[in-house]
There are 2 protein chains.
Amino acid sequence: MATIRDVAKQAGVSVATVSRVLNSNGYVNEDTRVKVTEAIKELNYLPNDVARSLFKRRSKMIGLILPDITNPFFPELARAVEDVANETEYTFVLCNSDNQMEKEQQYLTALKQKYIDGFIVVSSTLTTEQVHELNVPVVALDRIISPHMPSVSVQNYEGAQEAVQYLIENGCQKIAHISGPDYVDNAHARKQGYLDMVRDKDWYEDGLVVDGKYELDPAKKAATQLLEQHPDVDGIFVGNDLMAVGVLKAAEALGIKVPEDLSIIGFDGIALGETTTPALTTMGQPIYDVGSKAAELLINYIEGIPSVHSNHSFGVQIIERETVKKGGV
Amino acid sequence: MATIRDVAKQAGVSVATVSRVLNSNGYVNEDTRVKVTEAIKELNYLPNDVARSLFKRRSKMIGLILPDITNPFFPELARAVEDVANETEYTFVLCNSDNQMEKEQQYLTALKQKYIDGFIVVSSTLTTEQVHELNVPVVALDRIISPHMPSVSVQNYEGAQEAVQYLIENGCQKIAHISGPDYVDNAHARKQGYLDMVRDKDWYEDGLVVDGKYELDPAKKAATQLLEQHPDVDGIFVGNDLMAVGVLKAAEALGIKVPEDLSIIGFDGIALGETTTPALTTMGQPIYDVGSKAAELLINYIEGIPSVHSNHSFGVQIIERETVKKGGV
DNA sequence: TTGTATGCGTTATCAA
DNA sequence: TTGATAACGCATACAA
């Protein structure tokens with residue numbers, strides 16, 4: 001590996017001038033610029049980013065901390081972040097936290113030792129203090145950590161209401177909800193959206209909302225119980241698509257026809273929902289846009305470019321497929 | 001951020017001694033060791049990895065280059081790599097190449113500038129020369145670049161044969177194949193496995209193998225055509241699970257009952273296959289093990305630990321679910 | 001057992 | 001317009 005010194009020697013100039021043409025700042029004579037450029041080419045020289053980082057105290061790296069890339073909601077998000085990182089010449093570090101604060105903290109400090117420039121985090125456990133004392137730019141994604149911290153998310157509450165409304169409009173008479181964990185703010189918001197739509201219905205009762213942990217199997221179990229105890233439920237608003245697939249499987253196992261006997265609507269709009277039979281109707285969020293917006297926000301933040309909105313909330317939109325029986329009341 | 005110099009001052013020793021206790025090498029008096037440790041604690045000192053990297057010429061980072069994390073085959077692989085990277089204190093960089101050699105090359109050189117210690121690559125375009133002149137440890141994953149380069153993969157040829165055999169044993173009379181791209185070695189091997197099982201059957205004809213590009217929609221289209229042109233096909237061995245889902249969808253659209261009128265078997269064993277209706281029968285590969293083995297191999301390679309086998313090939317195993325009609329001939 | 005000095009490869013300051 | 005040189009924060013060779 002050639003160093004800047006080798007280039008300098010080859011071009012018959014000092015390292016300072018080489019550095020100047022490299023970063024194109026400061027005056028440099030056209031002739032010597034050419035000489036240096038040629039030397040660089042001949043030696044196949046590439047600047048050493050580590051040395052650069054040491055001097056600049058920044059690494060051109062950003063980290064994405066999320067629960068688990070194996071959860072089908074996250075790959076598209078990660079892809080979006082990676083894409084904008086790539087465009088802006090940042091390198092992208094992926095961290096799976098399994099929702100454990102300990103792991104999050106480990107990644108945070110380990111990467112800080114590498115002069116990482118910033119983080120995007122999907123977390124329900126990180127506190128404002130932790131982020132603050134980290135002293136590195138952070139934007140929250142999908143889940144909000146604090147209103148005072150830049151974030152990108154979607155209109156969970158409103159989306160949930162729309163979803164329930166859609167079920168009602170299509171004739172459902174008794175609508176249940178499979179919720180995500182209460183400590184996840186978006187799960188909480190979706191549940192509230194549901195509750196505020198149904199709480200005053202005469203058919204409503206507490207047993208209609210059960211926890212599915214945002215995972216497939218727990219949701220399947222929860223739905224099975226729910227449907228056994230409340231056979232008159234004819235519509236379910238499920239907190240995310242992954243759980244909705246579990247609900248679909250539960251109905252199938254119980255011999256309940258979807259959508260004839262039971263309408264199901266999910267939330268997220270992940271690709272998985274297109275592959276089930278029947279295909280999943282859902283409240284879709286613009287996952288890729290959410291991810292890339294978070295990355296943009298972070299990079300602007302890092303580079304000191306002021307952002308108009310530092311708390312961005314995307315709208316959601318219903319994706320009509322096959323798990324809701326169409327027809328008015 | 002405190003530096004080693006701050007710690008030295010605080011403890012009343014030189015930076016060399018601090019370095020010694022940090023890396024626990026060289027002699028150091030127990031008393032001063034304690035003093036230093038305390039100073040470190042008081043100052044909340046963390047060593048600067050960038051400075052370390054510059055000196056050591058290595059970064060404790062490994063890169064994983066794969067086509068697209070959005071393809072449901074890859075998240076589990078990536079997770080496995082990240083897990084062992086994490087255990088061994090390496091940080092994990094994810095790169096999406098979209099199967100473009102140009103992007104691969106960009107990542108390779110960009111990360112080399114950061115003193116990356118090694119790569120795991122899922123690639124069909126990278127050449128031995130490129131890897132060689134990179135002069136950084138590389139292990140090939142899922143797809144073999146050269147027999148002389150460490151690699152981890154599965155028994156594609158044998159698995160394909162088993163899959164076809166399974167279809168035959170269960171009474172299929174005319175078996176087609178939806179293949180992956182021929183330039184992907186594992187797709188080629190799977191196709192060969194199929195061909196070597198059926199080439200001499202009296203029902204075999206060339207039109208029975210069609211390209212599905214290892215993607216869902218192309219496979220769906222290909223299967224639709226295939227099934228229209230060859231209505232007597234009663235079994236399909238599909239080159240991967242993602243395409244198999246497309247085939248399932250095609251059959252559904254054509255009103256062909258699976259598995260009653262058509263048996264389908266995929267390859268890979270990704271989670272997606274469990275969620276379809278009917279659930280996909282497939283040749284499962286130990287995806288997580290494949291990924292973690294590759295990571296182990298790479299890290300041993302990096303750290304100079306000799307590996308017994310540098311070309312590892314895992315076995316595959318049939319996962320019987322619901323898309324193959326059971327029953328002998 | 002400990003300290004001093006040097007280098008890892010850059011960038012930026014200051015002179016020239 | 002260019003060149004010396006001092007950082008950046010650490011680890012090691014060599015002295016002491």
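Worth saying up front: this structure is predicted, and the values here are computed from it rather than measured. Residue numbering restarts at 1 for every chain, and letters A, B, ... go by the order of the sequence lines.
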Open item on the list: How bent is the helix from C:dT1-D:dA16 to C:dA16-D:dT1, measuring the angle between the end axes built from five pairs each, rounded to 10°?
Closed with: 50°
Task: Exceeds 12 heavy-atom contacts within 6.0 angstrom, atom NZ of B:Lys213 - done: no
- [ ] Give a yes/no on whether any side-chain N or O of A:Thr17 is located under 4.0 angstrom from OP1 or OP2 of D:dG3.
- [x] yes
Task: From A:Leu126 atom CG to A:Leu134 atom CG, the distance as rounded to the nearest 0.5 Å - done: 8.5 Å
Task: Residue list, salt bridge (charged side-chain N to carboxylate O under 4.0 Å, His left out) with A:Asp31, at least two apart or on another chain - done: none
TODO: Name all pairs fulfilling the side-chain hydrogen bond (donor to acceptor under 3.5 Å, both in side chains) condition that reach into residues 106-116 of chain B, sequence neighbours left out, sorted by first residue then second.
DONE: A:Asn48-B:Tyr115, A:Glu82-B:Tyr107, A:Asn86-B:Tyr107
Open item on the list: How about CD on A:Glu102, more than 12 heavy atoms from neighbouring residues, nucleotides or ligands closer than 6.0 Å, or not?
Closed with: no
Task: Those residues of residues 26-40 of chain A lying under 4.0 Å from DNA chain C by at least one heavy atom - done: none
Task: Cationic N near anionic O, under 4.0 Å, A:Arg33 to A:Glu30 - done: yes
- [ ] Please determine which of A:Val21, A:Asn23, A:Thr17 meets the side-chain contact (heavy atoms from CB on, under 4.5 Å) test together with A:Ser19.
- [x] A:Asn23
Task: Separation of B:Met1 CE from B:Tyr45 OH (nearest 0.5 Å) - done: 9.5 Å
Task: Under the ring pair (Phe, Tyr, Trp, His ring centres under 6.0 Å) test, residues paired with A:Phe314 that sit two or more places apart - done: A:His312
TODO: Using a 4.0 Å heavy-atom cut-off, write out nucleotides 5-16 of chain C from 5' to 3' as B (base contacted by protein), S (sugar-phosphate only) or - (no contact).
DONE: --BBBBBBB---
TODO: Would you mind checking if B:Asp98 and B:Lys103 are paired as a salt bridge, meaning a charged N to carboxylate O distance below 4.0 Å?
DONE: yes
